[in-house]
Number of protein chains: 2
Amino acid sequence: MSTVPAFKRLPRAVREQQMLDAAVRVFSRRGFHAASMDEIAEDAGISKPMVYAYLGTKEELFVACLHREGTRMMQAIAGAAAPDLPADERLWRGLRAFFGFVGAHRDGWAVLYRQARGEQPFAGELAAMRARLVEVVAGMLDHALRAEGREIAAVDLEVVAYALVGASESLADWLADHPEADPEKTATRMMNVAWLGAAQLLHGVTWRPPTH
Amino acid sequence: MSTVPAFKRLPRAVREQQMLDAAVRVFSRRGFHAASMDEIAEDAGISKPMVYAYLGTKEELFVACLHREGTRMMQAIAGAAAPDLPADERLWRGLRAFFGFVGAHRDGWAVLYRQARGEQPFAGELAAMRARLVEVVAGMLDHALRAEGREIAAVDLEVVAYALVGASESLADWLADHPEADPEKTATRMMNVAWLGAAQLLHGVTWRPPTH
DNA sequence: GCGTAACCCTACGCACGAGTAGGTATGCTC
DNA sequence: GAGCATACCTACTCGTGCGTAGGGTTACGC
């Protein structure tokens with residue numbers, strides 16, 4: 001008997017996205033280990049074997065979440081920071097996009113950074129993404145430096161970039177925990193710390209340890 | 001029959017430290033969840049019920065590790081940054097002590113930051129410690145500001161401090177993953193990023209978002 | 001209108017690891 | 001050297017949750 005459609009039996013592509021949505025929510029709420037596949041399935045309005053059929057084991061599912069959220073974030077940033085702008089403008093737009101993304105996807109951020117960092121199986125995945133970020137930032141700095149006719153050793157550049165990325169991640173955490181905070185304002189503050197320091201470096205000013 | 005002592009039957013205080021040593025090692029190697037109490041016990045050269053008798057459940061054990069390592073770190077920093085020095089000197093000494101500690105206690109650092117951050121039960125514990133760090137840094141900045149006859153809103157100060165702490169943590173992670181890197185040099189680099197930017201802020205220079 | 005493939009379910013097996021019960025040996029006090 | 005506390009062990013119980021076996025139902029091609 002043909003009852004109401006009962007909105008079931010959706011095509012695979014749709015269900016996979018629903019599952020990923022649910023997974024991101026649950027992982028972010030409980031953490032990787034405390035999250036159970038049963039809860040994810042229930043949250044997605046589907047039964048467990050379906051999750052296994054489509055997305056594989058728990059680890060694979062988590063990696064899939066990581067990938068989707070990470071890609072979205074990188075796209076948000078890349079889309080905002082056009083490569084033909086001056087360095088400070090690029091940095092500003094990149095930061096604004098970044099904090100905007102975190103503010104809008106607090107769940108995704110929690111999955112991405114708070115969970116993935118601790119668990120060895122995913123640390124590599126995460127490190128690769130961070131490396132791409134660092135590379136982008138280092139590229140900006142290097143570009144600005146050459147425009148000034150200066151150069152810095154590649155290692156130093158990378159470490160500075162690493163510090164900036166770290167500071168941003170830290171503020172992003174802060175933002176995720178303060179729902180009332182304004183992403184734009186946070187980006188401005190980060191820009192103040194980052195750019196004022198970086199600009200000094202770009203102009204050849206450096207700090208040297210006291211010798212005694 | 002009195003055989004060789006077989007180095008057993010140690011007083012509680014000693015065994016507790018051995019257990020904590022083992023726990024820090026195993027937690028840092030495996031992560032909180034993947035670490036088993038059996039492995040910790042074995043690594044400590046003792047049987048599992050002893051661990052339960054002395055340090056309690058797995059969570060309590062982890063908190064104990066967190067406490068010990070955290071206290072050691074805070075002491076290392078506090079001992080180095082005497083409060084009567086000028087701000088830049090304090091910051092420098094604090095950073096040097098911090099990176100020195102991380103370089104020497106990579107295991108402890110991994111437990112502290114990589115594990116504790118992700119798992120909700122310990123996030124609070126960790127946040128409290130970080131809050132103390134942020135407070136110290138914010139205090140330095142504030143002190144330096146007043147010396148210059150300036151003031152900044154407390155929130156901004158805290159956020160800047162938060163960013164600096166985050167950048168340091170990030171570089172500490174980097175340091176923990178690069179055994180060949182020199183803690184002192186890392187501290188110098190961090191000082192460059194942190195102080196050059198902060199000094200600008202202290203002198204009233206700020207960056208403002210473009211208005212268009 | 002009938003096969004076949006995609007979608008979806010209920011119900012289980014099974015390993016792993018936290019925590020404990022219950023007992024033994026060794027040193028310390030008096 | 002009797003009594004007692006402390007250090008220590010082997011050997012279990014038992015919940016939890018991952019992953020699967022095996023079977024049902026709807027759509028779609030032909």
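Source: prediction; values computed, not measured. Below, chains carry the letters A, B, ... as their sequence lines are ordered, and counting in each starts from 1.
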In whole Å, I'd like the distance from the [atom1] atom of [X] to the [atom2] atom of [N].
| X | N | atom1 | atom2 | value |
| --- | --- | --- | --- | --- |
| B/E16 | D/dT6 | CD | P | 13 Å |
| A/R30 | D/dC18 | CZ | C1' | 17 Å |
| B/K58 | C/dC16 | NZ | P | 15 Å |
| B/D38 | C/dT20 | CG | C1' | 13 Å |
| B/E60 | C/dA18 | CD | P | 14 Å |
| A/L61 | D/dG19 | CG | C1' | 13 Å |
| B/H33 | D/dT16 | NE2 | P | 15 Å |
| A/Y52 | C/dC12 | OH | C1' | 14 Å |

Could you tell me whether A/A35 contacts a base, only the sugar-phosphate backbone, or nothing, with contacts defined as non-hydrogen atoms closer than 4.0 Å?
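Sugar-phosphate, backbone atoms only, no base.
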Lys/Arg-Asp/Glu bridge criterion (N-O < 4.0 Å) met for B/D182, B/R189:
no
Polar pairs (N or O, both sides) under 3.5 Å between protein and nucleotides 8-11 of chain D?
unit_1, atom_1, unit_2, atom_2, d
D/dC8, OP1, B/R9, N, 2.8
D/dC8, OP1, B/L10, N, 2.9
D/dC8, OP1, B/R15, NH1, 2.3
D/dC8, OP2, B/R15, NH1, 3.4
D/dC9, OP2, B/S47, N, 2.8
D/dC9, OP2, B/S47, OG, 2.9

Without swapping roles, check the side chain of A/R106 against the backbone of A/G103 for a donor-acceptor pair under 3.5 Å.
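Indeed, once roles are kept as given, a pair shorter than 3.5 Å links the two residues.
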When you measure from the centre of the six-membered ring of A/F32, is the NZ or CZ of A/K58 under 6.0 Å away and within 45° of the axis?
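Because its charged atom sits under 6.0 Å from the ring centre and within 45° of the axis, A/K58 does stack over A/F32.
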Qualifying residues under ring-ring contact (aromatic ring centres under 6.0 Å, His included), relative to B/H178, sequence neighbours excluded:
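Per chain and number, B/H178 pairs via ring-ring contact (aromatic ring centres under 6.0 Å, His included) with B/W174.
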What about B/W207 and A/W92, are their ring centers closer than 6.0 Å?
yes
Counting heavy atoms not belonging to B/Q18, are there more than 12 under 6.0 Å from its CD?
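More than 12 within 6.0 Å, yes.
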